[in-house]
Amino acid sequence: MYIKHFTFVFLLASFFSFSKEDSLQLEDVIADMKSNEVLEWAEIDVLINKGIEDEQAEAYFIKGYVHFFGIYNNTKDLKTSTSYLKKAVAKNYQEARFYLGTVLLEQNEPAAVDVLLELSKEGDIDAIINLYQAYKKGLYKDQEKLKALLKLASDAGDDEAAICYGRLVLNESININDSGAIINMVKYLSVRAETKGFSNDMYKHLYYHFFTVYSLPRSPLKNEKYSKYYLKQAAENGHEHAIKLIKQTNLWLEQ
């Protein structure tokens with residue numbers, strides 16, 4: 001599941017140069033909570049609560065975000081997070097929509113699908129990835145729509161979407177014995193790897209996916225030579241499960 005909480009590569013120097021005369025704003029808290037969390041909770045909690053009293057969308061979003069991730073030494077509380085994110089969305093705070101869909105998904109709530117699907121149709125790649133997770137949880141059923149969305153995200157350059165697309169096609173096609181779809185999927189991912197490439201960390205997942213394609217008994221492309229080759233490639237690129245499989249089978253010792 002993709003969740004947008006990360007450390008910024010760079011931060012505006014002016015943000016960290018508050019003087020006593022400066023007035024801390026909710027926007028400053030939002031920037032801090034998405035970066036290094038250098039502000040003191042006691043200070044910003046007062047500001048947030050004041051914003052909630054004034055029914056400010058930013059304050060609702062901050063409260064929901066803080067309890068989603070359990071940051072600033074707060075307890076992770078998905079129910080509380082959901083409550084405040086819903087209020088932020090009701091106030092038309094657009095960024096809160098993704099987090100609301102994701103926190104609902106973590107709780108296996110069917111309502112997550114409506115939020116994530118709406119965002120996915122708007123081209124939100126992170127929402128598309130989480131819609132795939134909703135599919136894996138059994139909350140979303142439309143495989144054809146999901147395949148189309150994942151392929152769009154993949155074509156737009158998202159590596160994780162490409163891998164998810166491959167897995168979805170493989171799982172669906174194995175169940176209905178659609179060998180053509182599997183062959184076309186492998187061709188698509190191979191061409192994508194040659195033309196667009198994958199990030200270094202994603203190659204291990206691509207190779208492991210190809211290992212799966214060539215090793216499944218019901219796969220029309222089952223091939224022991226290719227299966228071993230891609231398993232080794234996945235392991236050499238750091239795929240943990242591939243490494244375990246090789247150690248268990250002593251595959252490294254085979255020529």
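Distance OG1/Thr212 to CZ/Phe210: 10.5 Å, rounded to 0.5 Å. Rounding to the nearest 0.5 Å gives a distance of 8.5 Å between CD of Glu160 and CG of Asp126. If you take CD1 on Ile129 and SG on Cys164, they are separated by 4.5 Å, rounding to the nearest 0.5 Å. Note: Lys145 NZ to Ser120 OG = 9.5 Å, rounded to the nearest 0.5 Å. Atom CD1 of Ile44 and atom CG of Leu24 lie 7.5 Å apart (nearest 0.5 Å). To the nearest 0.5 Å, atom CD1 of residue Ile30 and atom OG of residue Ser35 are 11.5 Å apart.
Taking the six-membered ring for Trp and thresholds of 30 and 60 degrees, Phe68 and Tyr99 have ring planes more than 60 degrees apart, a perpendicular arrangement. Ring geometry, Tyr230 versus Tyr214: the interplanar angle falls under 30°, so the pair is classed parallel (tilted spans 30 to 60°).
Ion pairing of Lys34 with Glu95 is present here, as a side-chain N (NZ or NE/NH1/NH2) and a carboxylate O approach within less than 4.0 Å. Between Lys63 and Asp77, none of the side-chain N atoms (NZ, or NE/NH1/NH2) sits under 4.0 Å from a carboxylate O, so this pair counts as no salt bridge. Looking at Glu106 and Lys76, a side-chain N of the basic residue comes within less than 4.0 Å of a carboxylate O on the acidic one, giving a salt bridge. Salt bridge status for Glu240 with Lys244: absent, with no side-chain N to carboxylate O gap under 4.0 Å. A salt bridge is defined here as a Lys NZ or Arg NE, NH1 or NH2 lying under 4.0 Å from an Asp or Glu carboxylate O, and Glu144 with Lys147 meets this definition.
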* Run the salt bridge (Lys or Arg N to Asp or Glu O under 4.0 Å) check on Lys232 and Glu236 step by step: do they pass? -> CA-CA 6 Å; Lys232 288 183 178 180; Glu236 288 175 358; over 6 Å; no
* To do: Give the C-alpha distance, both sets of side-chain angles, the deciding distance and a yes or no for side chain to side chain contact (heavy atoms under 4.5 Å, CB included) between Ser173 and Met185.
  => CA-CA 10 Å; Ser173 302; Met185 174 269 293; over 6 Å; no
* Asked: Hey, mind stepping through Phe98 and Asn130 against side chain to side chain contact (heavy atoms under 4.5 Å, CB included) and telling me if it holds?
  -> CA-CA 9 Å; Phe98 171 80; Asn130 282 359; 3.6 Å; yes
* Check the pair Glu58 / Tyr93 against side-chain hydrogen bond (donor to acceptor under 3.5 Å, both in side chains), numbers first and verdict last. => CA-CA 7 Å; Glu58 293 87 350; Tyr93 195 85; 5.8 Å; no
* To do: Go through the steps for Tyr140 and Tyr132 under the test side chain to side chain contact (heavy atoms under 4.5 Å, CB included), then give the verdict.
  => CA-CA 8 Å; Tyr140 185 63; Tyr132 173 73; over 6 Å; no
* Steps toward side chain to side chain contact (heavy atoms under 4.5 Å, CB included) verdict (Glu172, Asp178) -> CA-CA 8 Å; Glu172 178 191 28; Asp178 188 348; over 6 Å; no
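Under the rule for a salt bridge (Lys or Arg N to Asp or Glu O under 4.0 Å), the partners of Glu122 that lie at least two apart in sequence or sit in another chain are Arg97. Among residues two or more places apart in sequence or in another chain, the salt bridge (Lys or Arg N to Asp or Glu O under 4.0 Å) test is passed with Lys151 by Asp155.
Distance alone, capped at 3.5 Å, is enough to place a donor-acceptor pair between the Arg192 side chain and the Ser154 backbone. Side chain of Asn237 to backbone of Gln233: a donor-acceptor contact under 3.5 angstrom is found. In this structure, Asn184 contributes its side chain and Gly180 its backbone to a donor-acceptor pair below 3.5 Å. With hydrogens and angles ignored, the 3.5 Å screen pairs a side-chain donor or acceptor of Asp32 with a backbone N or O of Val38. Remark: the backbone N or O of Ala153 is not paired with any side-chain donor or acceptor of Asp158 at under 3.5 angstrom. Put simply, the side chain of Tyr135 never gets that close to the backbone of Leu146: no donor and acceptor are under 3.5 Å apart. Listed for the Ser81 side chain is no donor-acceptor partner under 3.5 Å among the backbone atoms of His67. In terms of modelled atom types and a separation under 3.5 Å, the side chain of Asn171 and the main chain of Arg167 share a donor-acceptor contact. Looking at Asn223, its side chain does come within 3.5 Å of a backbone N or O of Lys225 through a donor-acceptor pair.
Aromatic rings of Phe211 and Tyr207 (six-membered ring for Trp) have centroids beyond the 6.0 Å cut-off, not under it.
Between Leu149 and Leu117, the shortest heavy-atom distance links the atoms CD1-CD1, 4.3 Å. Contact between Ile183 and Leu221 at its shortest, heavy atoms only, is CG1-CD2, 3.8 Å. In terms of heavy atoms, Leu85 sits closest to Phe61 at CD2-CD1, 3.9 Å. In terms of heavy atoms, Val29 sits closest to Leu47 at CG2-CD2, 3.9 Å. Residue Phe198 comes nearest to Leu189 through the heavy atom pair CE1-O, 4.2 Å, listed as atom of the first residue, atom of the second, then distance. Taking both residues in full, the closest heavy atoms of Ile48 and Ala59 are given as O-CB, 3.6 Å, listed atom of the first, atom of the second, then distance.
Environment of NZ in Lys136: sparse, with no more than 12 heavy atoms of neighbouring residues, nucleotides or ligands closer than 6.0 Å. Environment of OH in Tyr226: sparse, with no more than 12 heavy atoms of neighbouring residues, nucleotides or ligands closer than 6.0 Å. Residue Asn175 places its CG atom among more than 12 non-hydrogen atoms of other residues, nucleotides or ligands, all under 6.0 Å distant.
Looking at Lys91 and Gln56, their side chains never come closer than 4.5 Å, going by heavy atoms from C-beta outward. Side-chain atoms of Leu170 and His209, non-hydrogen and from C-beta on, do get closer than 4.5 Å to each other. In this structure the side chain of Val103 reaches within 4.5 angstrom of the side chain of Gln107, judged on heavy atoms.
Following chains of ILVMFWY side-chain contacts shorter than 4.5 Å, one can reach Trp41 starting from Tyr84, so the two form part of one hydrophobic cluster. Put simply, Ile163 and Leu152 are part of two different groups of oily side chains (I, L, V, M, F, W, Y) that touch within less than 4.5 Å, one to the next.
Side-chain atoms of Gln25 and Ser23 form a donor-acceptor pair, as typed in the model, at a separation below 3.5 Å.
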